[in-house]
Amino acid sequence: MRRIVIALAATTLLSSAAAQAGPRPTGEEQLAKMLEGREAGKPTSCISLSDTRNSTVIDKTALVYRSGGTIWVNRPKNAQHLDSDDILVTYPTGGQFCHLDRVNTMERSGHFVTGFIALGDFVPYRRVEARN
């Protein structure tokens, strides 16, 4: 009986903590926060792999790559399949990552291929300099 009471109390605490945390921001809201103070540049079909240091998957929205002070955003044609819980398996050509390169998604637990991502162009976002 004691175990049931402890389990119920734990469940209540977890539910109340989740409710207090509020709604999770949408993918568009997350991306907008990342791009605050930045301005879009001219889209390009490829980015250099040697300059790219990390990447972020924004659920159902975009892939984001950082390169120095530039944030590169790729909005895949089938972005609804993007899931930050999946592993992205990329097959770049040469030293660049291009919109025609193959990208598969794989589940973390069983490593089963779950789909593919059809990349779009890469859009650079750079900080806007303060104007006097």
Side-chain angles (χ1 to χ4, degrees):
M1 179 71 168
R2 183 172 181 212
R3 287 183 184 171
I4 293 172
V5 171
I6 291 172
L8 287 173
T11 302
T12 303
L13 284 173
L14 289 173
S15 296
S16 122
Q20 290 176 359
R24 184 177 174 180
T26 66
E28 290 297 336
E29 291 169 339
Q30 291 174 39
L31 183 59
K33 184 170 176 73
M34 288 176 121
L35 300 177
E36 280 179 358
R38 294 177 179 274
E39 196 171 75
K42 182 180 176 186
T44 184
S45 58
C46 299
I47 58 173
S48 170
L49 285 175
S50 62
D51 296 336
T52 305
R53 296 293 169 229
N54 67 13
S55 63
T56 304
V57 176
I58 300 179
D59 290 344
K60 301 182 182 352
T61 307
L63 299 172
V64 178
Y65 299 90
R66 291 183 183 354
S67 176
T70 303
I71 294 177
W72 293 91
V73 177
N74 189 297
R75 290 180 176 267
K77 293 168 180 60
N78 57 343
Q80 72 274 13
H81 297 297
L82 286 176
D83 184 341
S84 59
D85 288 336
D86 285 341
I87 298 169
L88 293 181
V89 182
T90 60
Y91 301 90
T93 50
Q96 294 188 320
F97 189 40
C98 298
H99 71 278
L100 293 178
D101 289 341
R102 194 171 102 205
V103 179
N104 288 340
T105 56
M106 183 181 290
E107 69 174 28
R108 285 187 189 278
S109 59
H111 296 140
F112 296 105
V113 173
T114 56
F116 74 96
I117 301 299
L119 297 174
D121 282 338
F122 295 87
V123 179
Y125 286 83
R126 293 180 181 87
R127 290 219 175 269
V128 178
E129 293 186 28
R131 296 177 184 141
N132 292 334

Please answer: with hydrophobic residues joined when any side-chain heavy atoms are less than 4.5 Å apart, are Phe116 and Ile87 in the same cluster?
no

Run the side chain to side chain contact (heavy atoms under 4.5 Å, CB included) check on Val89 and Val113 step by step: do they pass?
CA-CA 9 Å; Val89 182; Val113 173; over 6 Å; no

Counting only N and O atoms by type, is there a donor-acceptor contact under 3.5 Å from the side chain of Glu28 to the main-chain atoms of Thr61?
no

Judged by atom type as modelled, is there a donor-acceptor pair below 3.5 Å linking the side chain of Ser67 to the main-chain atoms of Thr70?
no

If you link ILVMFWY side chains whenever their heavy atoms are less than 4.5 Å apart, which other residues fall into the same cluster as Val73? By chain and number, please.
Leu31, Met34, Leu35, Ile58, Val64, Ile71, Val123, Tyr125

In short, Arg24 meets Gln30 closest at the heavy-atom pair NE-NE2, 4.1 Å

Backbone N/O of Thr105 and side chain of Thr114: donor-acceptor pair under 3.5 Å:
yes

Looking only at heavy atoms, which two atoms of Gly120 and Lys77 are closest? And how far apart?
CA-NZ, 3.8 Å

I need the Ile117 CD1 to Asn74 CG distance, nearest 0.5 Å.
9.5 Å

Distance, nearest 0.5 Å, that separates CG of Leu119 from CG of Leu63
6.5 Å

Could you go through the side chain to side chain contact (heavy atoms under 4.5 Å, CB included) check for Asp86 and Val57 one step at a time?
CA-CA 9 Å; Asp86 285 341; Val57 176; over 6 Å; no

Is there a side-chain contact between Arg102 and Asn104 (heavy atoms, below 4.5 Å)?
yes

Shortest non-hydrogen contact from Val128 toward Glu39
CG2-CB, 3.5 Å

Roughly how far apart are Arg53 CZ and Arg66 CZ, rounded to 0.5 Å?
13.5 Å

Ring pair (Phe, Tyr, Trp, His ring centres under 6.0 Å) partners of Phe97, counting only residues at least two apart
Tyr65, Phe122

All heavy atoms of Gln96 vs all of Cys46, minimum pair found to be OE1-CB, 3.7 Å

Pairwise distance NZ(Lys60) to CD(Gln80) - rounded to 0.5 angstrom:
8.5 Å

Side-chain donor/acceptor of Arg108 to backbone N/O of Asp85, under 3.5 Å
yes

With the side chain counted from C-beta on, respond yes when Asp83 and Asp59 share a heavy-atom pair under 4.5 Å apart, and no when they do not.
yes

Calculate, to the nearest 0.5 Å, the distance between atoms OG1 and CG belonging to Thr90 and Leu88 respectively.
7.5 Å

Looking only at non-hydrogen atoms, find the nearest pair between Ala62 and Pro76 and report the distance.
CA-CD, 4.1 Å

